[in-house]
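Below, chain A is the first sequence line, B the second, and so on; all start at residue 1. Everything numeric here is computed off the predicted structure, so don't read it as measured data.
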Amino acid sequence: MNAWQRCWQAWQVEIANIFADRAVLLVIVGGLLFYAVLYPLPYHKSVPGEQAVAVVNHDHTHLARQLIRMADAAPQIRVAAQPSSMAEAEALLASDAVHGLLIIPSGFERDIYLGRPTSLSFAGDASYFLIYGNVVEGLLTAATTLSVQTQLVGSLMKGESPAQIPGQIMPMRLITKPAFNPTSGYINYIVPAVFVLILHQTLLIAAGSVTIKDRARRRLGQTAPSLALALPLRLFTFLLIYLLFAMLYFGFFFQLYGVPHAAAPSELLAFSVLFFISATLFAIWLGYLLPRPEQPTVLVLLSSLPIVFTAGFAWPAESLPKWLDILTLLIPVKPGIQGFLAMNQMGAPLLSIGREISVLIGLCILYGGWLCWLAWHQRKQSHC
Amino acid sequence: MEPTRLNGWQALRSQPWLLALVGWLPPLLALLFIAVFETGTPRSLPVGVVDLDHTSESRSLQRYLDASPALDMLHPYPSASEGAEALQRGEVLALLIIPRNFGRDLRLSLSPEAVAFYNSQYLLAGKFISSALTQSSMSFAAEAGVVLRLGQGYALPQAVAAAAPVRPQITSLYNAGMSYARFLVTTITPALWQIVIVVATLLTLCWRLEKAPLPTTFSARSVSLWQLLTPISLLLWLQGVILLGMFYYFLGWSPEGSVAWLMVGMALMVIAVQSMATLILATVANKIRALSLCAAYLAPAFAFMGITFPRGDMNILARTWGNLMPSTHYIELQVAVADHGAPLATLLPPLLILLLFLLPLPFAIHALPKQLNINPAEQVSS
């Protein structure tokens with residue numbers, strides 16, 4: 001039997017190990033299709049709608065009513081109730097009927113026209129952060145607009161030079177503009193990162209449990225191709241399968257959800273190859289660490305949430321403790337997510353993400369080297 | 001082994017993995033999350049600066065912004081294109097561009113405009129950085145306004161009042177320091193705890209079915225499962241209570257309402273998730289496939305809770321899927337008790353819904369496979 005035939009036979013064994021295993025197939029095919037639909041499901045609306053707020057109006061003047069109209073007109077909020085007392089307002093908050101509160105003090109209009117500083121109190125329900133952010137943003141917009149208007153009227157009434165008025169009302173302005181995700185949509189925020197996570201985690205389960213079952217068969221003395229042949233072929237097979245799924249995820253599903261993607265196909269392919277090689281090597285390495293085929297699933301289930309919050313997209317990596325930021329780089333998914341986001345969502349060219357690329361290459365050497373040593377070790381044993 | 005000895009304590013003794021799950025692992029993971037969010041709010045987020053003006057005004061704006069604990073302005077770039085590349089690479093999370101003549105326009109009262117681009121691909125960091133930039137620049141503008149007016153001959157109190165006639169006072173209800181640690185750790189941990197419950201229950205059930213066949217009659221099965229699962233359930237519930245204690249100790253979390261309701265809710269959540277685990281195993285009769293189904297069912301629970309993205313803005317399908325997970329109802333209870341200090345009428349619906357998860361339990365007990373076989377070709381150690 002020549003080398004090619006041996007290789008071909010070994011590959012057939014590897015393919016059978018993957019495709020004849022219903023549990024593995026369920027994860028690769030069923031899981032990847034199901035998750036691509038399930039995870040984006042909560043965010044179909046992408047941006048949260050107007051949040052209900054209550055206004056407690058102690059002033060009942062024209063200016064106060066104007067402020068309420070402005071608040072209602074802000075896109076983030078709608079005035080859903082005007083309770084007559086604070087107690088009533090608190091009851092509305094506790095029952096989740098409203099998520100924010102605006103309190104207009106008595107004497108509000110008089111103080112403004114007399115040029116006395118007045119305070120407006122806002123409160124937002126900080127049990128839900130996105131809601132809180134919207135409530136505060138909406139109320140702040142309304143208050144700033146009103147403030148600018150009254151300043152403008154005041155300056156004109158005092159007969160100040162119109163040329164100087166812009167600077168007096170707002171000596172400088174800092175305009176903030178979103179880059180890369182112009183609608184600040186949740187779909188564009190969560191889906192690209194979570195898709196990388198899903199690909200990685202299902203790969204860990206599939207390649208990990210295939211490896212464990214392969215080890216079990218070898219232990220029982222069943223014939224199997226040598227590790228020096230089996231491991232590279234397993235790596236190659238999973239790489240092919242996952243490149244196909246990456247096309248489906250980054251192509252079809254991104255299109256379906258309207259997620260913008262900027263990377264050139266060849267660069268995306270190059271980074272995907274590197275990412276899936278390091279993730280498969282990591283998965284096979286895990287397969288040598290764990291003794292039972294269900295354990296990769298348990299590990300993946302327990303690690304998914306910690307990965308989401310240490311990978312840098314949901315919570316800034318700069319705010320992680322240094323040791324944790326470095327430790328979590330040992331899992332390929334973190335540099336993977338950061339690299340894919342930089343290239344595909346933020347439009348960075350492949351060569352500019354040198355840091356992510358070198359970390360992934362380092363992980364390939366780490367886990368791949370360990371597996372090479374293992375294959376070499378086994379060969380030596382079988383010779384003597 | 002005698003059937004009577006196949007109880008939960010025995011399962012714990014013979015499986016170190018299971019012991020870790022119902023014992024030390026979840027508190028350790030909670031500690032990990034506490035470490036992740038240890039700063040409470042994001043700090044020193046890197047902001048790139050392209051200063052095209054180089055006047056004392058432009059430098060003083062940068063110093064002003066740098067003083068905000070949220071911002072780290074020490075990333076200068078010589079041109080806008082170089083700054084934009086750094087933003088693309090993720091090296092900085094925002095890019096501030098100070099235009100030419102910024103200082104001159106400020107002195108001439110022409111209201112110059114600086115632009116900051118923030119990375120909203122990283123939405124939370126982006127929004128946070130954007131609001132920190134806006135707030136700090138507004139106070140810089142207010143100070144500059146006072147200086148301008150003093151220069152125009154105003155008296156100090158008038159200058160201060162005219163510069164900012166309406167002062168917004170913002171209060172964050174139920175989380176005074178606006179700490180993300182409190183907000184996120186107290187909601188992520190229950191989501192993870194739910195996964196621990198489902199995995200521990202499945203592993204225990206499988207252990208039992210691998211050791212010996214279940215009795216055939218429904219009553220005998222119930223007794224056998226009761227002996228098996230009671231110790232696990234108790235330990236898991238205790239673990240939940242310990243997690244609440246950790247929130248209190250590490251995060252300064254102190255519930256408005258009575259913790260007793262949360263402890264009742266946790267007990268109901270444990271048995272609700274256990275009922276679903278039993279149902280899943282009864283349906284597929286295979287350890288690995290049951291675990292995969294649990295992963296599909298409960299792994300995304302955190303997203304469906306409505307804590308990060310409001311449930312009111314989800315479509316009907318997402319809300320339905322969320323309703324099928326016990327964690328959604330538990331977190332509703334936790335927010336109502338701990339944050340809102342809500343009355344009993346608000347607490348009862350989530351508690352009763354958690355009880356509904358027990359409805360399929362009799363069917364699941366009846367349909368559980370009699371026995372699971374261990375395939376030696378699948379395990380490296382026996």
Q: Counting only heavy atoms closer than 4.5 Å, note whether A/Ser352 contacts chain B via side chain, backbone, both or neither.
A: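 The answer is both parts of A/Ser352.
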
Q: Can you name the closest pair of heavy atoms from B/Ala35 and A/Trp323 and give their distance?
A: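 So the minimum-distance heavy-atom pair works out to CB-CZ2, 4.1 Å.
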
Q: With a 4.5 angstrom heavy-atom cut-off, could you sort out which part of B/Ala191 is near chain A: side chain, backbone, both or neither?
A: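 Looking at B/Ala191, backbone and side chain both touch chain A.
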
Q: Any side-chain to backbone donor/acceptor pair from B/Gln121 onto A/Asn181? Under 3.5 Å, distance only.
A: no

Q: When you compare the side chain of A/Thr183 with that of B/Ser120, does any pair of heavy atoms fall below 4.5 Å?
A: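 Of all side-chain heavy-atom pairs linking A/Thr183 with B/Ser120, none is under 4.5 Å.
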
Q: In the structure I gave you, are the side-chain heavy atoms of A/Gln345 and B/Tyr122 within less than 4.5 Å of one another anywhere?
A: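 A side-chain contact is absent here, since even the closest heavy-atom pair is not under 4.5 Å.
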
Q: Under 4.5 Å from any heavy atom of chain B, what part of A/Leu301 do you find: side chain, backbone, both or neither?
A: both

Q: At a 4.5 Å cut-off on heavy atoms, which part of A/Ala314 comes close to chain B: side chain, backbone, both, or neither?
A: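 It is the backbone, since no side chain atom gets that close.
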
Q: Between A/Leu341 and chain B, which part of the residue has a heavy atom less than 4.5 Å away: side chain, backbone, both or neither?
A: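 Side chain only.
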
Q: Tell me, side chain or backbone of A/Ile131 under 4.5 Å from chain B's heavy atoms, or both, or neither?
A: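 When you check distances to chain B, only side chain atoms of A/Ile131 fall under 4.5 Å.
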
Q: Closest approach of B/Leu87 and A/Ala179, non-hydrogen atoms and distance?
A: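 In terms of heavy atoms, the two residues are closest at CD2-CB, 4.1 Å.
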
Q: Any heavy-atom pair between the side chains of A/Arg292 and B/Trp17 that's under 4.5 Å?
A: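 A side-chain contact under 4.5 Å is absent here.
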
Q: Among B/Ala338, B/Ala342, B/Pro310, single out the residue with the greatest number of heavy-atom pairs under 4.5 Å to chain A.
A: B/Pro310

Q: Heavy-atom pairs under 4.5 Å with chain A: which of B/Ser137, B/Gly341, B/Ala125 has the most?
A: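 When all of B/Ser137, B/Gly341, B/Ala125 are compared, B/Ser137 has the most.
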
Q: Would you call the rings of B/Phe309 and A/Tyr186 parallel, tilted or perpendicular, taking 30° and 60° as the class edges?
A: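 B/Phe309 and A/Tyr186: tilted rings.
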
Q: Tell me, side chain or backbone of B/Leu45 under 4.5 Å from chain A's heavy atoms, or both, or neither?
A: side chain

Q: Between A/Phe34 and B/Ala296, what is the shortest heavy-atom contact and its length?
A: CE2-CB, 3.7 Å

Q: Can you see which heavy atom on B/Gln379 is nearest to which on A/Arg219, and at what distance?
A: O-NH1, 3.6 Å

Q: Which bit of A/Leu324 is near chain B, if near means a heavy-atom gap under 4.5 Å: side chain, backbone, both or neither?
A: side chain

Q: Is the shortest side-chain heavy-atom distance between A/Glu318 and B/Ser44 below 4.5 Å?
A: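 Not touching, per the 4.5 Å side-chain cut-off.
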
Q: Is there a side-chain contact between A/Pro171 and B/Phe140, using heavy atoms and a 4.5 Å cut-off?
A: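 A/Pro171 does not reach B/Phe140 side chain to side chain.
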
Q: Under a 4.5 Å heavy-atom cut-off, does chain B meet the side chain of A/Leu139, its backbone, both or neither?
A: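 Answer is neither: A/Leu139 stays 4.5 Å or more from chain B.
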
Q: Quick check: do B/Phe302 and A/Ser304 have side-chain heavy atoms less than 4.5 Å from each other?
A: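 B/Phe302 vs A/Ser304: side chains apart.
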
Q: Heavy-atom distance under 4.5 Å between the side chains of B/Leu96 and A/Leu174, does that happen here?
A: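 Yes. Closest side-chain heavy atoms under 4.5 Å.
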
Q: Could you check which of B/Phe102, B/Phe37, B/Phe117 has the highest count of heavy-atom pairs closer than 4.5 Å to chain A?
A: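 Top count of heavy-atom pairs under 4.5 Å with chain A: B/Phe37.
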
Q: Supply the atom-to-atom distance B/Leu291 CG to A/Ser209 OG, rounded to the nearest 0.5 angstrom.
A: 11.0 Å

Q: Heavy-atom distance under 4.5 Å to chain B: side chain of A/Phe309, backbone, both or neither?
A: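 Both backbone and side chain of A/Phe309 come within 4.5 Å of chain B.
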
Q: Please look at A/Phe313 and chain B and tell me whether the side chain, the backbone, both or neither of the residue comes under 4.5 angstrom of a heavy atom of that chain.
A: both

Q: Measuring from A/Arg355:CZ to B/Glu91:CD, what's the distance to the nearest 0.5 Å?
A: 10.0 Å

Q: Under the side-chain hydrogen bond (donor to acceptor under 3.5 Å, both in side chains) definition, can you give me all pairs with a residue in residues 298-319 of chain B, not counting sequence neighbours?
A: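 The answer is A/Lys45-B/Asp313, A/Gln51-B/Asp313, B/Arg311-B/Asn323.
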
Q: Could you look at A/Tyr189 and say if it's the side chain, the backbone, both or neither that has a heavy atom under 4.5 Å from chain B?
A: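 Looking at A/Tyr189, backbone and side chain both touch chain B.
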
Q: Looking only at non-hydrogen atoms, find the nearest pair between B/Ser292 and A/Tyr35 and report the distance.
A: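 Taking every non-hydrogen atom into account, O-OH, 4.4 Å.
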
Q: Is B/Val199 close to chain A through its backbone or its side chain, or both, or neither, when contacts mean heavy atoms under 4.5 Å?
A: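 For B/Val199, side-chain heavy atoms alone lie under 4.5 Å from chain A.
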
Q: Do A/Lys213 and B/Asn375 have side chains that approach each other closer than 4.5 Å (heavy atoms only, starting at C-beta)?
A: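 Sidechains of B/Asn375 and A/Lys213: no contact.
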
Q: If you look at every heavy atom in A/Tyr43 and B/Ala303, which pair is closest and at what distance?
A: OH-CB, 3.2 Å

Q: Against chain B, label A/Thr297 side chain, backbone, both or neither, depending on which of its atoms sit under 4.5 Å from a heavy atom there.
A: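 The side chain, not the backbone.
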
Q: Side chain, backbone, both or neither: which part of A/Leu26 has a non-hydrogen atom closer than 4.5 Å to chain B?
A: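 Side chain of A/Leu26 only, per the 4.5 Å heavy-atom cut-off to chain B.
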
Q: Sort B/Glu378 into side chain, backbone, both or neither according to what part of it lies under 4.5 angstrom from a heavy atom of chain A.
A: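 Interface part for B/Glu378: both.
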
